[in-house]
**Q** 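Next up is a structure, given as structure tokens.
Given the structure is predicted, the values throughout are model-derived calculations rather than measurements. Order of the sequence lines fixes the chain letters, A, B, ..., with proteins taken first and strands second; residue numbering starts at 1 for each chain.
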2 protein chains.
Amino acid sequence: MAYMNTAPIPPSADEPRWLTAEEQRVWRSYIEAATLLEDHLDRQLQRDAGMPHVYYGLLVKLAESPRRRLRMTELARYAKITRSRLSHAVARLEKNGWVRREDCPSDKRGQFAILTYEGYEVLRRTAPGHVDAVRQAVFDRLTPEQQKSLGEIMRIVAEGLQPREAGADLPWLR
Amino acid sequence: MAYMNTAPIPPSADEPRWLTAEEQRVWRSYIEAATLLEDHLDRQLQRDAGMPHVYYGLLVKLAESPRRRLRMTELARYAKITRSRLSHAVARLEKNGWVRREDCPSDKRGQFAILTYEGYEVLRRTAPGHVDAVRQAVFDRLTPEQQKSLGEIMRIVAEGLQPREAGADLPWLR
DNA sequence: TACGAGTCCTTGAACTTTAAACAAGAAACC
DNA sequence: GGTTTCTTGTTTAAAGTTCAAGGACTCGTA
């Protein structure tokens, strides 16, 4: 139930299109893997880097950006999180000394989040372990074809869920 | 950086195996899609069913179980969450009147989580909308081959992250 | 220049999750 | 029987996330 049509009745217009048994298996595998994986990486990073996976991702984005800085909104957009969440996250990272803020000169509303030297060091120190974890959990287990396939599939899914248009408080997350 | 080897140096034994540019793209697509998807479904269910995705999953598991009940530990194992998290979740669902607890007669430590009639009704009422959301976000966008592929891939990943052995507080989540 | 609408980011409260510690009972052992 | 050890499930506090609201600023337009 809840996913599958167990009753032997033909699908009608108003009858929801339940998942087939096979689709259901796919979906459950997805949920299971995604849950376990996120949990695994969160633990790994919490242990080795002292922060959850999302926060680590923020530092990575900053590290890749010119002058290691990004406007808050931009960072939020890249990381696919709300600005509110980002505000809290950056506050925490700031407390750790891994990020600092700076006012945007051209737009007084704006703030830059800037990766500090300490932040960069944390990244440099923990990146190898994290990459290893990702490899072990994902890439080492998949054939090149599967890796390629995974990339395509996730790209499609992500694309479909992308920010429609500008909205009240969530410009990109509808 | 942090994922890729940007330096033109040959990989050595102690040099971490950075992700190639292509692997990196795959990984980012995965993170992006997984983030957006979970967020999307959380919002959808919060709006239509008044609970986050994980909680909904718990009700589904119960609905599928004989006599609509499961031992706490078992439910936690199926849902891939810790028992602590489950305790909190069930407490909340109980407050909503969607789940009730019952002592296990054969093991006095044990507790059953049981789906109530109201819980079942919520599920029945909201399942179509949720299935629709899943279809729109995932299945409708993928070819049958891609669906199959996704299933295989996620099955492999999940399998690799499965509970190793019995451990202190997390018998299945190592 | 002044208005209104929209954007940028933050805040506080409510809620969820995590981590560590604990009480109670079962199981294994001797 | 009496330990000792493991398992079950909960609890507490801290950390993280969401939601709704709000202050500050920009921009378009009259």
Side-chain angles (χ1 to χ4, degrees), chain A residues 35 38-47 50-58 70-77 79-96 101-113 163 165-173, chain B residues 35 38-47 50-58 70-77 79-96 99 101-113 163 165-174:
Chain A
T35 305
E38 185 58 19
D39 208 88
H40 182 66
L41 296 182
D42 261 340
R43 255 179 247 286
Q44 186 267 313
L45 284 172
Q46 193 64 59
R47 174 165 49 77
M51 67 188 123
H53 190 201
V54 178
Y55 289 28
Y56 182 88
L58 297 175
L70 279 175
R71 285 287 296 272
M72 292 293 280
T73 294
E74 225 172 344
L75 180 50
R77 192 196 327 274
K80 305 309 179 202
I81 64 178
T82 62
R83 279 180 299 191
S84 172
R85 187 175 177 184
L86 180 63
S87 266
H88 291 297
V90 168
R92 197 275 224 182
L93 291 171
E94 205 173 15
K95 215 174 290 179
N96 281 273
R101 300 180 206 239
E102 201 167 287
D103 292 341
C104 174
S106 62
D107 184 339
K108 283 180 186 165
R109 297 165 304 177
Q111 287 273 102
F112 281 106
E165 77 232 46
D169 191 25
L170 300 173
W172 58 95
L173 288 174
Chain B
T35 304
E38 186 57 19
D39 208 87
H40 182 66
L41 296 181
D42 260 340
R43 255 179 246 286
Q44 185 267 313
L45 284 171
Q46 192 66 59
R47 173 166 50 74
M51 68 188 122
H53 191 200
V54 178
Y55 289 28
Y56 182 88
L58 297 176
L70 279 175
R71 284 289 295 273
M72 292 294 279
T73 295
E74 223 172 344
L75 180 50
R77 191 195 329 272
K80 307 307 180 203
I81 63 177
T82 62
R83 280 178 301 191
S84 173
R85 186 175 178 184
L86 181 61
S87 265
H88 291 295
V90 168
R92 199 273 224 183
L93 292 171
E94 205 173 13
K95 215 175 289 180
N96 282 272
V99 167
R101 300 180 206 240
E102 202 168 286
D103 292 343
C104 173
S106 62
D107 185 338
K108 284 181 186 165
R109 296 167 303 178
Q111 286 273 102
F112 281 105
E165 77 234 44
D169 191 25
L170 301 173
W172 57 94
L173 288 174
R174 50 149 342 212

**Q** Counting just side-chain N and O atoms, does B:Arg92 come under 4.0 Å of either OP1 or OP2 of C:dC15?
**A** no

**Q** How would you list, by chain and number, every residue that makes a salt bridge (charged side-chain N to carboxylate O under 4.0 Å, His left out) with A:Arg92, sequence neighbours excluded?
**A** none

**Q** Tell me every residue that passes side chain to side chain contact (heavy atoms under 4.5 Å, CB included) with A:Asp103, counting only those two or more places apart in sequence or in another chain.
**A** A:Gln111

**Q** Pick the closest DNA chain C nucleotide for A:Met72 and for B:Gln46 by heavy atoms, then say which residue is nearer the 5' end.
**A** A:Met72

**Q** How many Å lie between CD on B:Glu38 and P on D:dT17, as a whole number?
**A** 13 Å

**Q** Just jot down the side chain to side chain contact (heavy atoms under 4.5 Å, CB included) partners of A:Arg85, sequence neighbours excluded, or say none.
**A** A:Val54, A:Ile81, A:Thr82

**Q** Which whole-number value in Å describes the distance from A:Lys108 NZ to D:dC27 P?
**A** 12 Å

**Q** Nearest whole angstrom, please: distance from the P of C:dT18 to the CE of A:Met51.
**A** 18 Å

**Q** Drop me the distance from B:Arg101's CZ to B:Ser87's OG, to the nearest 0.5 angstrom.
**A** 6.0 Å

**Q** Quick check: on DNA chain D, is the nucleotide nearest B:Glu74 upstream (toward 5') of the one nearest A:Tyr55, or the reverse? Name the residue that is more 5'.
**A** B:Glu74

**Q** Do any side-chain nitrogens or oxygens of A:Arg83 fall under 4.0 Å of OP1 or OP2 in C:dC8?
**A** yes

**Q** With DNA chain D as reference, determine whether B:Asp42 or B:Leu86 sits nearer its 5' end, using the nearest nucleotide of each.
**A** B:Leu86

**Q** Taking the side chain of B:Arg109 as heavy atoms from C-beta outward, which of C:dC8, C:dG25, D:dT10 is closest to it?
**A** C:dG25

**Q** What is the nucleic acid contact for A:Phe112, judged by heavy atoms within less than 4.0 Å: base, sugar-phosphate only, or nothing?
**A** nothing

**Q** With the side chain of B:Asp107 defined as its heavy atoms from C-beta on, choose the nearest nucleotide among C:dA26, D:dT18, D:dG16.
**A** C:dA26

**Q** Distances under 3.5 Å only, N/O to N/O: pair up the protein atoms with those of nucleotides 12-14 of chain D.
**A**
residue: D:dT12; atom: O4; partner: B:His88; partner atom: NE2; Å: 3.1

**Q** Listed by chain and number, what are the salt bridge (charged side-chain N to carboxylate O under 4.0 Å, His left out) partners of B:Glu102, not counting sequence neighbours?
**A** B:Arg69, B:Arg100

**Q** At under 4.0 Å between heavy atoms, what does B:Arg101 touch on the DNA or RNA strands: base, sugar-phosphate, or nothing?
**A** sugar-phosphate

**Q** Which nucleotide wins on minimum distance to the side chain of B:Pro52, given the candidates D:dT26, D:dT8, C:dT16?
**A** C:dT16

**Q** Please identify each residue that fulfils side chain to side chain contact (heavy atoms under 4.5 Å, CB included) with B:Gln44, with sequence neighbours left out.
**A** B:Arg47, B:Asp48, B:His130, B:Ala133

**Q** Consider the side chain of B:Arg43, meaning its heavy atoms from C-beta on, and name the nucleotide among D:dC19, D:dG9, D:dG16 that approaches it most closely.
**A** D:dC19

**Q** Any side-chain heavy atom of A:Met72 within less than 4.5 Å of one from A:Arg83?
**A** no

**Q** Checking only heavy atoms, does the side chain of A:Arg85 share a donor-acceptor pair with the base of D:dT17 at less than 3.5 Å?
**A** no

**Q** Just compare C:dT10, D:dT18, D:dG9 and give me whichever is closest to any side-chain atom of A:Ser87.
**A** C:dT10

